[in-house]
Amino acid sequence: MQNRPMTFLPPLWFIHVAVAAVWLYEGLWCKVLGRERRQLQIVEAVPYFGPRVGALFLTTLGVGEIGLGVWVLSGIAPGLCALAQTLLLVSLNANGLIWARHLIHDPGGMVVKNFAFLVLVWVAAGLSRATP
């Protein structure tokens, strides 16, 4: 009788759904449908954006985030997908902290939660690449 290590990982598809759900929620609900007003205030705080460009930028960003969610679900090029997610999230967090820190409810918590999310993103990518 062979001792095999127990694995407690959920199925890969479930991890993909969890990651995609974050992007779909942020993109569709928060940005495209405008259900999270604070996000618009944060974008409008960026110099040269303001109210005139902020809403269009936020909607465009939301569509891009929806696209990321679909990309995650597709399973295509998981490493490149994880890199794109990382670059987008790091740039959004950095710009938010630089230009609108005073509007972010809990900047430290935002960074910690997004770090944990990116760990999950890279776990999904790593498991995708390891699965034939």
Side-chain angles (χ1 to χ4, degrees):
M1 188 160 151
Q2 181 181 8
N3 286 337
R4 294 189 324 183
M6 293 179 65
T7 180
F8 295 105
L9 285 175
L12 181 57
W13 68 266
F14 197 70
I15 297 171
H16 284 182
V17 167
V19 171
V22 171
W23 289 115
L24 295 171
Y25 168 77
E26 286 292 330
L28 180 62
W29 183 259
C30 295
K31 294 175 181 71
V32 172
L33 297 177
R35 305 302 278 184
E36 178 52 58
R37 301 302 262 156
R38 188 164 296 234
Q39 290 192 9
L40 179 58
Q41 294 171 336
I42 290 168
V43 170
E44 289 176 346
V46 176
Y48 307 109
F49 277 21
R52 139 184 100 76
V53 178
L56 176 61
F57 176 83
L58 195 65
T59 300
T60 303
L61 176 60
V63 170
E65 288 178 344
I66 293 167
L68 276 176
V70 171
W71 188 3
V72 169
L73 291 174
S74 78
I76 297 169
L80 188 57
C81 184
L83 180 61
Q85 293 173 79
T86 301
L87 292 174
L88 178 62
L89 198 52
V90 168
S91 67
L92 290 174
N93 279 221
N95 280 290
L97 291 172
I98 290 167
W99 303 113
R101 183 182 185 93
H102 64 285
L103 296 172
I104 298 171
H105 171 67
D106 180 11
M110 175 190 73
V111 171
V112 169
K113 290 173 193 176
N114 286 325
F115 171 75
F117 176 65
L118 285 177
V119 168
L120 183 61
V121 163
W122 284 99
V123 166
L127 289 173
S128 294
R129 294 177 64 127
T131 304

Summary of salt bridge (charged side-chain N to carboxylate O under 4.0 Å, His left out) pairs that have at least one residue in [range], sequence neighbours excluded:
range	answer
residues 12-23	none
residues 12-21	none
residues 9-34	E26-K31, K31-E65
residues 39-49	none

Check side-chain contact (heavy atoms from CB on, under 4.5 Å) between [X] and all other residues, then give those that pass, not counting sequence neighbours.
X	result
L120	I15, A18, V19
V17	W13, L73
F14	P10, P11

ILVMFWY clustering at 4.5 Å (side-chain atoms), partners of V32: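 L24, Y25, L28, W29, L33, V63, I66, listed by chain and number.
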
Gap separating the CD1 atom of I104 from the CD atom of Q39, nearest 0.5 angstrom: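 Those atoms lie 10.0 Å apart.
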
Solution key, residues 77-103 side-chain donor-acceptor pairs under 3.5 Å, sequence neighbours excluded:
from: Q85; atom 1: OE1; to: W23; atom 2: NE1; distance (Å): 2.7
from: Q85; atom 1: NE2; to: C81; atom 2: O; distance (Å): 3.2
from: T86; atom 1: OG1; to: A82; atom 2: O; distance (Å): 2.8
from: T86; atom 1: OG1; to: W122; atom 2: NE1; distance (Å): 2.8
from: S91; atom 1: OG; to: L87; atom 2: O; distance (Å): 3.0
from: S91; atom 1: OG; to: L88; atom 2: O; distance (Å): 2.9
from: N93; atom 1: OD1; to: N114; atom 2: ND2; distance (Å): 2.9
from: N93; atom 1: ND2; to: L89; atom 2: O; distance (Å): 3.0
from: N95; atom 1: OD1; to: W99; atom 2: NE1; distance (Å): 3.3
from: N95; atom 1: ND2; to: S91; atom 2: O; distance (Å): 2.9

Test side-chain contact (heavy atoms from CB on, under 4.5 Å) applied to L12 and H16, step by step: CA-CA 6 Å; L12 181 57; H16 284 182; 3.6 Å; yes

For the hydrophobic clusters of this structure (ILVMFWY residues joined by side-chain heavy atoms under 4.5 Å, transitively), does one cluster hold both [X] and [Y]?
X	Y	result
F115	V112	no
I42	M110	yes
V22	V123	yes

Determine all donor-acceptor pairs shorter than 3.5 Å in which one atom belongs to a side chain in residues 50-62; sequence neighbours excluded.
from: T59; atom 1: OG1; to: A55; atom 2: O; distance (Å): 3.0
from: T60; atom 1: OG1; to: L56; atom 2: O; distance (Å): 2.9

